[in-house]
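Structure record follows, encoded as C-alpha cells.
Since this is a predicted model, take the numbers as computed values, not measurements. So that the names make sense, note that chain A is the first sequence line, chain B the second, and so on, each numbered from 1. Hydrogens, waters and symmetry mates play no part in the numbers below; they use all other heavy atoms, side chains included.
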Amino acid sequence: MTDTIAEHAARDLEVGTPLVEMEGVGKSYGAIRALEGVNLTVNAGEVTCVLGDNGAGKSTLIKIISGLHPHTEGTVKVDGKEVHFGSPRESLDHGIATVYQDLAVVGLMEVWRNFFLGSELRKGRFPGAPLDIAAMREIADSELKKMGIFVKDINQPIGTLSGGQRQCVAIARAVYFGARVLILDEPTAALGVKQSGVVLKYTAAARDAGLGVVFITHNPHHAYMVGDHFIILKLGRRVLDKKRSEVSLEELTAEMAGGQELAELAHELKR
Amino acid sequence: MTDTIAEHAARDLEVGTPLVEMEGVGKSYGAIRALEGVNLTVNAGEVTCVLGDNGAGKSTLIKIISGLHPHTEGTVKVDGKEVHFGSPRESLDHGIATVYQDLAVVGLMEVWRNFFLGSELRKGRFPGAPLDIAAMREIADSELKKMGIFVKDINQPIGTLSGGQRQCVAIARAVYFGARVLILDEPTAALGVKQSGVVLKYTAAARDAGLGVVFITHNPHHAYMVGDHFIILKLGRRVLDKKRSEVSLEELTAEMAGGQELAELAHELKR
Amino acid sequence: MSSPVATPPSPPSTPSTGAEPVRVQRSLGARILSRPEVGSLAAAIAIFVFFFAIAPPFRTAEALSTVLYSASTIGIVALGVALLMIGGEFDLSSGVQVTTAALASSMISYQFSLNAWVGVLVSLIIALAIGFLNGWLLIKTKLPSFLITLSTFFMLQGINLGVTKLLTGAVATENISDLDGFASAKAIFASDVDLGFVNVKVSVFWWILFTLVATWILLRTKTGNWIFAVGGNQDSARAVGVPVARVKIGLFMGVAFCAWFLGQHLLFNFSTVQAGLGVGNELIYIVAAVVGGALLTGGYGSAIGAAIGAFIFGMTTQGIVYAGWDPNWFKTFLGVMLLLAVLLNLYVKNSASRRK
Amino acid sequence: MSSPVATPPSPPSTPSTGAEPVRVQRSLGARILSRPEVGSLAAAIAIFVFFFAIAPPFRTAEALSTVLYSASTIGIVALGVALLMIGGEFDLSSGVQVTTAALASSMISYQFSLNAWVGVLVSLIIALAIGFLNGWLLIKTKLPSFLITLSTFFMLQGINLGVTKLLTGAVATENISDLDGFASAKAIFASDVDLGFVNVKVSVFWWILFTLVATWILLRTKTGNWIFAVGGNQDSARAVGVPVARVKIGLFMGVAFCAWFLGQHLLFNFSTVQAGLGVGNELIYIVAAVVGGALLTGGYGSAIGAAIGAFIFGMTTQGIVYAGWDPNWFKTFLGVMLLLAVLLNLYVKNSASRRK
Amino acid sequence: QQTNTNATAQRFTIAMITHEQPGDSFWDKIRAGAQQAASELNVDLKYSNNQDAGQQATLVQNAIDSKVNGIAVTLAYADQVGPAAQKAVQAGIPTVAFNSGINEYQKYDIPMYFGSDEDLAGQSAGQRIAQAGGGKALCVVQEQGSVALEARCAGVKKSFPSTENLQVNGADLPSVQQTIGAKLQQDPSITDVVTLGAPIALAALQAKTDAGSQAKVVTFDLNADVAKAIQSGQIQFSIDQQPYVQGYMAVQSLWLNLTNGNDLGGGKPVLTGPSFVDNTNISKIAEYAAKNTR
Ligand SMILES: Nc1ncnc2c1ncn2[C@@H]1O[C@H](COP(=O)(O)OP(=O)(O)OP(=O)(O)O)[C@@H](O)[C@H]1O
Ligand SMILES: Nc1ncnc2c1ncn2[C@@H]1O[C@H](COP(=O)(O)OP(=O)(O)OP(=O)(O)O)[C@@H](O)[C@H]1O
Ligand SMILES: [Mg+2]
Ligand SMILES: [Mg+2]
C-alpha cells in the first residue's frame, strides 16, 4: 500500500511546509452557526487530528477544505495562496482528497466506477476518448485487496456492499488520488479491527510520503497512534491545539469531553 | 435514564428465559448468500454481542430479528413461538426495538416526530384522535437530554443534525420503545467518547431491567464491558460462540479477525 | 495496549458538567416563515396585486367569485394530489378519474332510471375502487407510480369513451336533470350561494372545508405523520413500523375521492358529461401542488399550499383573460407567471431560513 | 517528534493470511440478464409474437416498416429523454421543442427566402439555446426540473403560436418545398430508403445510429460515467469532482438536439408545420424511456432500452390498428399493454437477479 | 385602425369564446374573420378559448363579469356552456352562438346562430362518396371524444353505412400518418378516407402513398395545401363550413344588434355550410385559401 501512496504523492512536498492554512474560519448554515473563528494549519508530512463531541463542527471544518461548502468567514490558504473553493473539483485539482463521513458513493454504480468517478482513466487524451475499463477494474480491485477487502464482484453495484466495505472503497479511492493532502472524516467508525489497522497504516504511510493528513476520529487511541498535532473543537470553537510533544494519551482522553467519565464507567460496569 | 427503561420494560421478563431463538438461519440477497446456518439465542437479562469483520453478515442477522428482511432458511422463535416477520411492525409489536446501522430516520421531519414515528402518542383512543404534540415534544426532549444531547431546537428537521446526533436520537427512541428486546447495530460507531459511555450505560440498564439485548460492535472493549455472551461471524457463518466466563478480553480481541495485527501495528507505529 | 484504565467511582450522573448550550426557541414569525406554503402565499399576493393593478374588470366581487370558482375546480383534486405527493407518489390518472366518476354517476342513474343519489353513491364506490387499484398495484408490483397511473390513465380514457358509446351511443351522456334527487344533489354539489353582494359557487366552500380537514389530518393526526414519513423516507418509515402499504393505498383513494367529488360537481352543474374530458388536467393538479410548496420527491408540502397553488393557477388563467391579453400568447404568460411564482416562493423560503 | 521514524522494513504486503473468499465471476449470461434493457426486450418480443399471431396484416414487411417508422419518431426524442432521466432530470418541454425547431427552421428560411439548410442550422442553434436555458435555470434556481421544464413547456407553446401568427399571419407555416436546398434536406431528414423488398423511412436508420452512439457514450466514455453518477447521487458525484452543472446542461441540450432532429424530419416530411403540434408527446417519450428500463429517480437505464421502449410503444399503437380493434377502446388496450410490458420487464429482471 | 363609414363613434367590446384547440388553422380562420369584422366596425374583440367544457363556461362567466357589450360563443358543449350563455342573455348582453350547437342554441334563449350542421355536412359527404361508387369509407377522428367530430362521422355513416371510424392523435402528425397507413394496410377494401381537418388530410395523402393504397381522400375544411391537392386531384373534394364567415358574421350581427337592434335568420340558424370545394370551383377558391380567409 505504501507504494501506491508514494507513487501518487506530489514530488514537491517538503516535510513541515504548510499546505493548508485556515485563519478565523467560520461557517453558518442559514441561521445555524456551526463553526466560528477556527485556526488550523496542515503541514506536509504531518497528521493533524481533529477531535470533538458530536455536532462540534468537525465535518463542517473539513468540508470547507474539501470545497463542499464555502466558508462564510475568515481566510483559507492552500500552498500560500488564498482560495475560496466553489466546488470539490477545485479542491481535488489542488491535490486534496477527502473521505466524507457520509461517504459520497453512488449506490447504483459498480464498485470500480465509483472508485474512479470524477478521475476516470482513458485510452487517450482527446475529447470523447474511450474509458480504459480493464485498467480501472484491475486497479480498483488490487487497491481494495491491499486493504484486505474482498468484494464478491468488482462489477457489483456499490449499494449492495456492507457499510464497512463501502467505507473501505471510499478510503482506498482517496488514498489513491490524494497527492498533497488527505482528509479522513471518521474513517474507522464503521470498520472492523483489522480494517481499522489498515487505515491507520495508510495514514502513517501518507504522512511518510510527505502528504498533509487531516484525521477526524472519536477514538483517542487511534488518534494518538498516528497524530502529530491535536485540535479539539467544542460547539464550533477550537478549545485545544497542542503538539504531540505537549500532550499525553491520558491528557488527550481526559480533554475529550467525557473521556474521564468513560474510564469511570468502565469501572462502574465492571463485574 | 435507567428509569425510562425500567418504566417501559415488559413486566413478565424473567432473567435467563430465551426471548429470541434462531436455529440454522440463513439469508440470500438474490444470488448473494449473506448468512447461513446461524444459531443464536437472546435471553432476558443478558447482552449478546455479535462481532465480526465488515460484510460478515451482522446487520443481516439482526435485520431478520427486527422483521426488515425475512429469513430464507431456518427457524426463528420469539417467546417460544415460531415467527416469520413480514414487516418491522410485527417485530415491534413483540416488544423488539432496533437501532439500525443506516439509521432509519426521515430527514425532513422534526426531531420529535422522528422520535415517535410509528408509535405516536394520541389524545384518546378513537380513530382520528389528535396527536398529543406537547407531550411528545417534551418526552423526546427530555430523553435526548438524558443522553447528554442538546439539539438546538427539537422542531428542527432531523436531517440538519450531525451524524452522531442523529444516531443518538435513534438510540433514545429504541430505548424508549423497547419493551422486551433491544437491538443495537454499531450504535457507538459515530459517537464521541461521552455519548458512547452513555450508550453503554443504557445497554447495561436495559439488561438490568430484564430486557434481552443484542449489541453489534467492532470495538472489543465496548463489547467486553457489557457483554454476557459473544458470537463472532465470519463470511456469514458463526465461528465462535462463548459465554463471558469462557473468554477474556485479550482472547476476544485476538479472535476478532486482525485483532492480533492491531496490537502489532500499535507497536510498529509507536514513536 | 489500549484497555480502558480503571479510575475511582464517581456519581453516575450524565448531564454534562460544562455550560449546556441554550436551547433556541424560534420566534412565532420564524416558525410561520418556515412553513411550506409561505412562499406561494407571497407569490399569490404578488400576482393578485398585479392583476388588480392592470385589469379593471378584475377588481369586482364577481371577478373574485369567478376566480375562486376556477380555483376550486382545480383545488379540490389538487388537494388529494398534494397529499399523495407528500406521500411520495404521483397520480397521472386523476384528471380522467374525474370524468369516470361523473360518467359513472350519470349513466348508472339514467340507464336504470334511479334516483340521482344512487348514481352518486355507486360512483363513489367505483372511484374508491380505482384509487385502491392504483395503490394496490403500486404496492404489489413496486413499480413507480408514474407507470402504474399512466396505465390507469390510458385505460380509463378508453373505458370512458368505450362504455359511454356502448351505453348511450354517443360521446356524451344524456341529460339527467329530470331524475329524482337531481335537485337535492345539485344543491349539495353545484349550487350557487348568495352572499348578498355576490354569488359564490358552493364548490368554493367545499374546497375550503376539504383544505381545512386535510390540514388537520396532516398536522394533527397519526395518519398525517405517516404520510410525511412514507414520502420522506419509505424504508425508514417501514423500519420503525409505519404501515407503508396502507398509507399509500389510502392516499390514492384520497385522490379518487377528490376526483369523485369534482366529477359530481361537473355532472350536477351541467347535467351531462362529455366522455373525452379531463385529459391534461392531471398535470395542472400537480402544478398546483408543487407551486404550493410540495416537493416532487415527497415528504414535504402542505394542504394549504396546494390550495394557494390552485388559487394562483386559477387567478392567472382568468386574470390573463380579464386583462384582455392575446390568447395566442396565453400559454407564454402562464409559463412566465409559473416560473416567477416558484422563484418568488424559493426566494421567500431562502430568506426565511436565513432568519432566526 | 513528528518526523517519520525509520522502522525495520517489513514486507509491505497486507493480503490477509486466512483463506480469501473466492471472487465470483458472473457468467456472460448473468451479466446480460442484469442489463436494464433485458426485461423490456422480453416484453417487446412477447408483444411482437402476440400481434404476429392475431393480426395477419402485421406479418408483412410493409407493416414492420410502418411500425419501425412509428417507433423511430418516438425513439429519437425518447433517446435524449432517457439519457436525461438517467441523469436524474425530466423534460416536459421535449414535445413542444420538436415543434419549435420545425417552426423556426421553416420560418427562417421562408421569411428570408434563404436556402433550407440555413433554416436547419439556425434552428439547431435555437434548439440548443433552449436546452441550455432549461439546464441553466435548473442549476441556478435549484428548482426541480419538472417545474422548470413545465414553464418552458407553457412558454414555448405560446411562443410557437404567437410568433408563427406574427410572422405568417396564420397558425401554420408556408409550404417550403420550393426553397433551395429543400430536396437535399429532405433526402437527409425525411426520405424513403428502398431496401429492395420494402421501403423504410430514413428516420429509422438515424434512430438506430443515434441509439448506438448514445450507448457508446453511456458505457464507454467519461461523460457516460458522469451521467450515471449525477443521476444516481448528485451530491456524491459533486463531492468527488464531477462537474454536475455541465453534465446536466449537456443532457438538456442533448434532448434539444433530438427534438431538433425530429422537428426537421417533420418539416421536410410535410413541408409545412402547424404551430399547435407536439403537445402531449413529452409523456410518450418518458413512457418509452421508462418502459425501456430507465429509473424515474435517475441513475439507471440504457439507450437501447429507450429504443426498445419506443419500439414497444410504436408496435402497440400500430398493432391495435392492424388487429382492427374497436378504436374507442384504443387507449384501454394501450394502457393494458403498457402495464403488461412493465410487469413482464419486472418479472424478467427479478428472476435475473435471482440467478448467478 | 381602419374604420368603416357606418361604424359608430362608440367603441363596443365583444367577447368571442370558443372551444379552440390552440394552434389549429381552422380556428385561426374563425378568428381572422372576427378580427376583420371588428376592425371594420371599430369593435374591441376579446378572444378567448378553452377545450375544457367547464373552463369554457367559466370564460363566459368571465366575460359577463367584465361587462362586455356582446358575446359570441361556440356551443360544442351545449349542456355546459349553454347555461352560462343563457346567463349572459338574462344579464342583457346580446349573445350569438356560432360554429356548433345548432340544435341547442335556442334552448338557452340565444337568438342567432351562424354555422353549419355537422350531421348534414357528414351526410352530404357520405352521399357524394356513395354516388362516386365507394366501397368502404374510413372516417378519421383526430380528437378523442369530440362531439362535433363524432357527429360528422355519424353523418357520413348515415348516408354511407359501410363507414368505419379511426382514432388518431391529432397533436402528432407523423403518428397520424403512421396510423392511417397501418389501417390502409390492414384493410385493403377501404376505398375512401374521410378526414375531418386539413392537416389530417395531408397526412392521409402521405399515408396513402406509403401504403400503396388507391383509396380516395375527401376532407372537411380547407387550407392552402389542401386547395393545391384538390387542384391536382389528389383530394376529391372538401366540405367547407366557411369558418371565416362564421367569425365575421358573429361579430357583425352583434354589432348590428347593438347599433340597430337587428337580428338575423328569422329565428332559424344561418347556415354557412356545407359548401363543397372540388375541381369545379377550386380555381377561384384556391386564391382565398392561400390568403387564410377560406
Ligand atoms: N446542512 C446543514 N444544515 C444545517 N445545519 C447543519 C448542517 N450540517 C451540519 N449542521 C449543524 O452544524 C453543527 C456541526 O455539524 P458537524 O456535522 O460539523 O458536526 P461533527 O463535529 O462532524 O459531528 P459528528 O461527530 O456527529 O459527525 C451541528 O449542530 C449540525 O446540526
Ligand atoms: N440489499 C443487499 N443486496 C445484496 N447484497 C447485500 C445487501 N445487503 C447486504 N448485502 C451483502 O451481504 C453481506 C453481509 O452484509 P451485512 O450488511 O450484513 O454485513 P455487516 O456484518 O453488517 O458488515 P459491516 O460491519 O460492514 O456493517 C455483504 O457481503 C453485503 O455485500
Ligand atoms: Mg461529522
Ligand atoms: Mg452492518
Q | Greater than 12 external heavy atoms within 6.0 Å of W136(D)'s CH2 | A | no
Q. Between atom CG of L338(D) and atom CZ of F153(C), what is the distance when rounded to the nearest 0.5 Å?
A. 11.5 Å
Q. Minimum heavy-atom separation for I286(C) to F146(D), with atom names?
A. CG2-CZ, 3.3 Å
Q: Would you mind checking which part of V279(C) comes under 4.5 Å of any heavy atom in chain D, side chain (CB onward), backbone (N, CA, C, O), both or neither?
A: neither
Q | Rounded distance (nearest 0.5 Å) linking atom CD of Q157(D) with atom CZ of F330(C) | A | 10.0 Å
Q) Just wondering, do L343(C) and L143(D) contact through their side chains at under 4.5 Å, heavy atoms? A) yes
**Q.** Greatest number of heavy atom pairs closer than 4.5 Å to chain D - which of K331(C), K165(C), M337(C), K142(C)
**A.** K331(C)
Q: Select, from L166(C), V163(C), I148(C), L137(C), the one with the greatest count of heavy-atom pairs under 4.5 Å involving chain D.
A: V163(C)
Q.
So which residue, L161(C), L283(C), T164(C), ends up with the most heavy-atom pairs under 4.5 Å with chain D?
A. L161(C)
Q: Grab the two heavy atoms, one from T332(C) and one from M155(D), that are nearest each other, plus how far apart they are.
A: OG1-O, 3.1 Å
Q: Flag the one option from V290(C), L156(C), I159(C) with the top tally of heavy-atom pairs under 4.5 Å to chain D.
A: I159(C)
